[in-house]
Amino acid sequence: MIGRLNHVAIVVPDVKRAAAVYRDTLGAKVSEPVSLAPHGVTVVFVILDNTKIELLEPFGPDSPVRNFLERNPGGGMHHVCYEVADIIAARDQLTAQGARVLGDGEPKIGAHDKPVLFLHPKDFCGTLVELEQV
Ligand code: CO
């Protein structure tokens, strides 16, 4: 069902400092920070040959990643995103097997303007999983 790893998201307290670590220490190609108000994050994309890393800093008072940062003040891995061809078919197959979808279970338009869903970490080895239809 799942296809490529689309991205790994890492929540950080300071996205510029995190971008410098990836650029200067790890020698990766990084984007400029972009604030996505509807999604409550400022993001830097780390472009790798086979996938992306998204460095996320909370943006605005209602940021969905602010609680995570309070629990992990130094930052940490937040979720992995796998690509699927048909997100409704994937959801129905997963829920039929007992997996829990977060929220109301309906896909939302994600930060890449594509439909996304999040799956409960307790059902997936302790890791928050995002599915993105590509
Ligand atoms: Co994501």
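We're numbering straight along the sequence, starting at 1.
- Ring geometry, H112 versus F45: the interplanar angle falls from 30° to 60°, so the pair is classed tilted.
- Within a 6.0 Å sphere centred on NZ of K29, heavy atoms belonging to other residues, nucleotides or ligands number 12 at most.
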Give the intermediate values and the outcome of side-chain contact (heavy atoms from CB on, under 4.5 Å) for residues V116 and L131. CA-CA 5 Å; V116 303; L131 298 180; over 6 Å; no
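- Between Q133 and D86, the closest side-chain pair of non-hydrogen atoms falls below 4.5 Å.
- Annotation: the span from H7 atom NE2 to K52 atom NZ amounts to 7.5 Å, rounded to 0.5 Å.
- Annotation: side chain of F118 is in contact with side chain of L128 (closest heavy-atom distance under 4.5 Å).
- Side-chain contact between V43 and P33 is absent, with no heavy-atom pair separated by less than 4.5 Å.
- Here L119 contributes atom CG and Y82 contributes atom OH; the two are 10.0 Å apart, rounded to the nearest 0.5 Å.
- Taking CZ of R4 as the reference point, atom CG of N6 lies at 7.5 Å (rounded to 0.5 Å).
- Looking at every heavy atom in both residues, Q97 comes nearest to Q93 through NE2-O, 3.1 Å.
- Scanning both residues, D123 and G98, for their nearest heavy atoms gives OD2-O, 4.2 Å.
- In this structure, P13 and P73 approach most closely via the heavy-atom pair CG-O, 3.6 Å.
- Atom CD of E83 is separated from atom CE of M1 by 14.5 Å, given to the nearest 0.5 angstrom.
- Counting only heavy atoms from C-beta outward, the side chains of E57 and V44 never approach each other to under 4.5 Å.
- V65 and V12 are not part of a single hydrophobic cluster, where members link through side-chain heavy atoms under 4.5 Å apart.
- The number of heavy-atom neighbours closer than 6.0 Å to CZ of R100, taken from other residues, nucleotides and ligands shown, is above 12.
- The minimum heavy-atom distance between L56 and A9, with the atom names listed, is CD1-CB, 3.9 Å.
- Linking ILVMFWY residues whenever their side-chain heavy atoms come closer than 4.5 Å, directly or via other members, places L48 and I10 in the same cluster.
- Between the side chain of R91 and the main chain of G105, a donor-acceptor pair closer than 3.5 Å is present.
- Judged purely by distance below 3.5 Å, without hydrogens or angles, the side chains of H78 and E54 never pair a donor atom with an acceptor atom.
- Shown here is N50, whose CG atom has more than 12 heavy atoms of other residues, nucleotides or ligands within 6.0 Å.
- Put simply, the side chain of N72 never gets that close to the backbone of G75: no donor and acceptor are under 3.5 Å apart.
- Hydrophobic cluster membership differs between L102 and L94, with clusters built from Ile, Leu, Val, Met, Phe, Trp and Tyr side chains linked at under 4.5 angstrom.
- Using a 4.5 Å cut-off on side-chain heavy atoms (C-beta onward), E132 and P115 make no contact.
- The shortest heavy-atom contact between A111 and L36 is CB-CD1, 3.9 Å.
- Between the side chain of H120 and the backbone N or O of K122 there is at least one donor-acceptor pair closer than 3.5 Å.
- From T42, atom OG1 reaches atom NZ of K16 across 9.0 Å, with rounding to the nearest 0.5 Å.
- With a 4.5 Å cut-off on side-chain heavy atoms, V129 and H79 do not count as touching.
- Between L117 and I87 there is a side-chain heavy-atom pair separated by less than 4.5 Å.
- Residues Y22 and V15 share a single hydrophobic cluster, defined by chaining ILVMFWY side chains whose heavy atoms lie under 4.5 Å apart.
- A pairwise comparison of heavy atoms in R66 and G60 identifies NH2-O, 2.6 Å as the closest pair.
- Between E130 and V80 there is no side-chain heavy-atom pair separated by less than 4.5 Å.
- At a threshold of 4.5 Å between side-chain heavy atoms, the hydrophobic network of Ile, Leu, Val, Met, Phe, Trp and Tyr places I53 and M77 in one connected group.
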